[in-house]
**Student:** 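What follows is a single structure, and I will ask about it in a moment.
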Amino acid sequence: MLSIKFIREHTQRVRDAVSGKRSDVNIDEILALDERRRGILKEVEDLKALRNKNSAAIAILKRGGEDASGKIAEMREVSDRIRTLDLKLKEVDGQLNERLLYVPNIIHEGVPIGTDESDNRFVRDWGKKPEFSFPLKDHLKIGEDLQLFDLKRAVKISGAGFPLYTGQGARLERALINFMLDHHTEQQNYTELFPPFLSGKTATQTTGQLPKFEEDMYKIPSDDLYCISTAEIPVTNIHADEILEEGELPRKYTAYSACFRREAGSYGKETRGLLRVHQFNKVEMVKFVTPETSYEELELLTADAEAILQLLGLHYRVVELSTGDLSFSAAKCYDIEVWAPAMEKYLEVSSCSNFEAFQARRGNIRYRRKSDNTVQFLHTLNGSGVATPRLMIALLETFQEKDGTVTLPEPLQPYFKGDSLSL
RNA sequence: GGAGAGAUGGCCGAGUGGUCGAAGGCGCACGCCUGGAAAGUGUGUAUACCAAACCGGUAUCAAGGGUUCGAAUCCCUUUCUCUCCGCCA
């Protein structure tokens, strides 16, 4: 979140973010509440100063054996007034903080201005769209023919949108996850974590999923827990309320997790197959870095995610999200979109974002700066590396053969313990 | 689930009603010392908010509430941690 001070001092930048991200928070209302809060604060603090002064005086009188009843009576009234003002202050403070949680992060300079994904900026691509000399099957057909997943039976368990991988499909899913984790840890120096898949309200608020996107989260009311929508939530929170030394930064973590998303409001859209599901697997990367380096680290993070697709030989492109497509918490974000030949579409498999201090402030994640030994909020970044359902779609469609088999890219073969998918 | 113990600054740890934002130590920063380092030594070292030319003010000893002129300290509630017992595996 943004500090009220920042909003007060950089009102225009905040307004730009609000309009750019098409948020409906009322900044004027927030500023008015802040004004009111400071008025009350001044009054109550002056009274408290008076009380403190007189309490000390009373102590001295009593120590000297003198009568302090006059002053005590006087202070009793002051204390009553303080009590009243404190209550009012708390109320205003609560209203203000509640609203602050809904203020989106500022937008980094240079982010393309736009209303939605059509305004995203092409950054680069890698590889080429593969060409085929035979009619293509889409991933659903391939999956059906090779019995890689069984979405019909899955419905019996949890309803639509919860994929059931079977046989070679299940093994491929596991191979992809292991391949990605190994690459991030062995080649890119990320520390591996295996986090809890349920998170509490506070942790979920840190990363920005709450309070604004509560309707997108699965929740468990009996225990006040949420099913994580991304490993970003548990991993970012591991350093909540901590102060890291500058020398330990950047810290890089990678974690596999199942991800749960209600995808409320997206019914009918892209609901076929593995394109948009309620539960999916994802390997995530999270970085804790100094503010000076966070944009450099964003480039590195994006490259780390791209490396996965390159190793698998999948054509993809990188786009920079326009203001209208940028998420609530992000200051800047690159999407990586992999090419699905049969669908003839680029599919988002990774979002790599710099959150600057937005999440750090919510989660109170700080570091001690070397230059002046002061404590500052650090910057957090994260990116998928990558989400499996669409990765599998691209993989199946890209490497399908005329005979209906799928030849796996070489780096994946030791993980799959085989070189192709066939019946 | 039952019983008990605990939660104080970056860390450890003292502090049971009145200059306690908090002793002491560690760590850290800067200086001295040294050829350089270690050791030693001196000084400094919480955070947030308000107000700011400067001085300053307020709050914070897990969280919330209460008693009091005044609470780290007394009372209540909650959360978390640890130990023992039970339960499950």
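Below, chains carry the letters A, B, ... as their sequence lines are ordered, and counting in each starts from 1.
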**Student:** I need the CD-P distance between E35(A) and C49(B), as an integer number of Å.
**Tutor:** 17 Å

**Student:** Counting distance only, does the side-chain N/O of R390(A) pair as donor-acceptor with the main-chain N or O of E348(A) below 3.5 Å?
**Tutor:** yes

**Student:** Using the P atom as the point on both nucleotides, what is the distance between A14(B) and G25(B), in whole Å?
**Tutor:** 15 Å

**Student:** How many whole angstroms separate atom CG of N364(A) from atom C1' of A62(B)?
**Tutor:** 14 Å

**Student:** Take N1-N3 plus N6-O4 or O6-N4 for Watson-Crick, N1-O2 plus O6-N3 for G-U, both under 3.5 Å. Which runs of 3 or more such pairs involve RNA chain B?
**Tutor:** B:1-7 with B:79-85, B:10-12 with B:24-26, B:27-32 with B:40-45, B:46-50 with B:56-60, B:62-66 with B:74-78

**Student:** Check whether the side chains of H183(A) and Q187(A) place a donor and an acceptor atom closer than 3.5 Å, and report yes or no.
**Tutor:** no

**Student:** Going through the checks in order, is the side-chain contact (heavy atoms from CB on, under 4.5 Å) test met by R15(A) and V18(A)?
**Tutor:** CA-CA 5 Å; R15(A) 286 192 203 280; V18(A) 169; 5.5 Å; no

**Student:** Could you give me the CA-CA distance, side-chain angles and deciding distance for K332(A) and I107(A), then say whether side-chain contact (heavy atoms from CB on, under 4.5 Å) is met?
**Tutor:** CA-CA 6 Å; K332(A) 175 171 176 168; I107(A) 296 168; over 6 Å; no

**Student:** Say you pick atom P in G64(B) and the same atom in A5(B); how far apart are they, in whole Å?
**Tutor:** 24 Å

**Student:** Considering only atom C1', compute the distance from A72(B) to G9(B) and round it to an integer number of Å.
**Tutor:** 12 Å

**Student:** Among residues 235-252 of chain A, which contact RNA chain B at a heavy-atom distance under 4.0 Å?
**Tutor:** I243(A)

**Student:** Which protein N or O atoms sit under 3.5 Å from an N or O of nucleotides 16-22 of chain B?
**Tutor:**
{"residue": "G18(B)", "atom": "N2", "partner": "S55(A)", "partner atom": "O", "Å": "3.2"}

**Student:** Please report the distance, rounded to the nearest Å, between CG in L61(A) and C1' in G70(B).
**Tutor:** 13 Å

**Student:** Give me the distance, rounded to whole Å, that separates G57(B) from C20(B) when you measure between the P atoms they each carry.
**Tutor:** 15 Å

**Student:** In whole Å, what is the span from the CD1 atom of I82(A) to the C1' atom of A71(B)?
**Tutor:** 14 Å

**Student:** Find the distance K201(A):NZ to U79(B):P and express it as a whole number of Å.
**Tutor:** 15 Å

**Student:** At a heavy-atom distance below 4.0 Å, what parts of residues 84-93 of chain A sit against RNA chain B?
**Tutor:** K90(A)

**Student:** What's the CG-P distance between L100(A) and C49(B), to the nearest Å?
**Tutor:** 12 Å

**Student:** Indicate yes or no for a side-chain donor-acceptor contact from D216(A) to the backbone of R262(A) under 3.5 Å, with no hydrogens or angles considered.
**Tutor:** no

**Student:** Between U8(B) and A63(B), how far is it from one C1' atom to the other, in whole Å?
**Tutor:** 14 Å

**Student:** Compare side-chain N and O positions of S79(A) against OP1 and OP2 of U68(B) and report whether any pair is under 4.0 Å apart.
**Tutor:** no

**Student:** Considering only side-chain heavy atoms of R8(A), which listed nucleotide, C69(B), C50(B), U47(B), is closest?
**Tutor:** C50(B)

**Student:** Indicate yes or no: at least one non-hydrogen side-chain atom of L225(A) is less than 4.5 angstrom from one of K219(A).
**Tutor:** no

**Student:** A48(B) C1' sits how many Å from F6(A) CZ, rounded?
**Tutor:** 18 Å

**Student:** Taking atom types as modelled, is there a side-chain donor on T388(A) or E173(A) under 3.5 Å from an acceptor on the other?
**Tutor:** yes

**Student:** Per the ring pair (Phe, Tyr, Trp, His ring centres under 6.0 Å) rule, what does the pair list look like for residues 95-123 of chain A, sequence neighbours excluded?
**Tutor:** H108(A)-Y295(A)

**Student:** Decide whether Y218(A) and Q279(A) meet the rule of one side-chain donor and one side-chain acceptor closer than 3.5 Å.
**Tutor:** no

**Student:** Is there a donor-acceptor pair under 3.5 Å between the side chain of K21(A) and the backbone N or O of F328(A)?
**Tutor:** yes

**Student:** Between H139(A) (side chain only) and L274(A) (backbone N and O only), is there a donor and an acceptor less than 3.5 Å apart?
**Tutor:** yes

**Student:** Please give the distance between the P atoms of G13(B) and U19(B) as a whole number of Å.
**Tutor:** 25 Å

**Student:** Which parts of nucleotides 53-58 of chain B does protein reach within less than 4.0 Å, heavy atoms only, written one letter per nucleotide 5' to 3' as B for base, S for sugar-phosphate only and - for none?
**Tutor:** ----BB

**Student:** G10(B), OP1 or OP2 - any side-chain N/O from R368(A) closer than 4.0 Å?
**Tutor:** no

**Student:** Between Y316(A) and W126(A), what is the ring plane arrangement, given parallel below 30°, perpendicular above 60°, and tilted in between?
**Tutor:** parallel

**Student:** Assess whether side chain to side chain donor-acceptor pair (under 3.5 Å) is satisfied between Q209(A) and E214(A), documenting all intermediate values.
**Tutor:** CA-CA 7 Å; Q209(A) 281 77 15; E214(A) 174 145 32; over 6 Å; no

**Student:** Taking the P atom in each of G65(B) and G70(B), what is the distance between them to the nearest angstrom?
**Tutor:** 16 Å

**Student:** Let me know which of T302(A), N382(A), D335(A) forms a side-chain hydrogen bond (donor to acceptor under 3.5 Å, both in side chains) with S351(A).
**Tutor:** D335(A)

**Student:** Heavy atoms only, 4.0 Å cut-off, all strands: where does R37(A) land among base, sugar-phosphate and nothing?
**Tutor:** sugar-phosphate

**Student:** Quick one, H239(A) with Y367(A), criterion ring-ring contact (aromatic ring centres under 6.0 Å, His included). Give me CA distance, side-chain angles, the key distance, then yes/no.
**Tutor:** CA-CA 10 Å; H239(A) 292 305; Y367(A) 78 108; over 10 Å; no

**Student:** Specify the residue among V375(A) and R83(A) whose closest nucleotide of RNA chain B lies further upstream toward the 5′ end.
**Tutor:** V375(A)

**Student:** Would you find a donor on one side and an acceptor on the other, under 3.5 Å apart, between the side chain of S322(A) and the backbone of D116(A)?
**Tutor:** yes

**Student:** Whether the Y256(A) and N178(A) side chains hold a donor-acceptor pair (N or O, under 3.5 Å, no angle test) is what I'd like checked.
**Tutor:** no

**Student:** Given atom CG of L47(A) and atom C1' of A59(B), what is their separation to the nearest angstrom?
**Tutor:** 15 Å

**Student:** For atom CD of E296(A), decide whether the heavy atoms of other residues, nucleotides or ligands shown that lie under 6.0 angstrom number more than 12.
**Tutor:** no

**Student:** Between G36(B) and A46(B), how many Å separate the two P atoms, rounded to a whole number?
**Tutor:** 31 Å

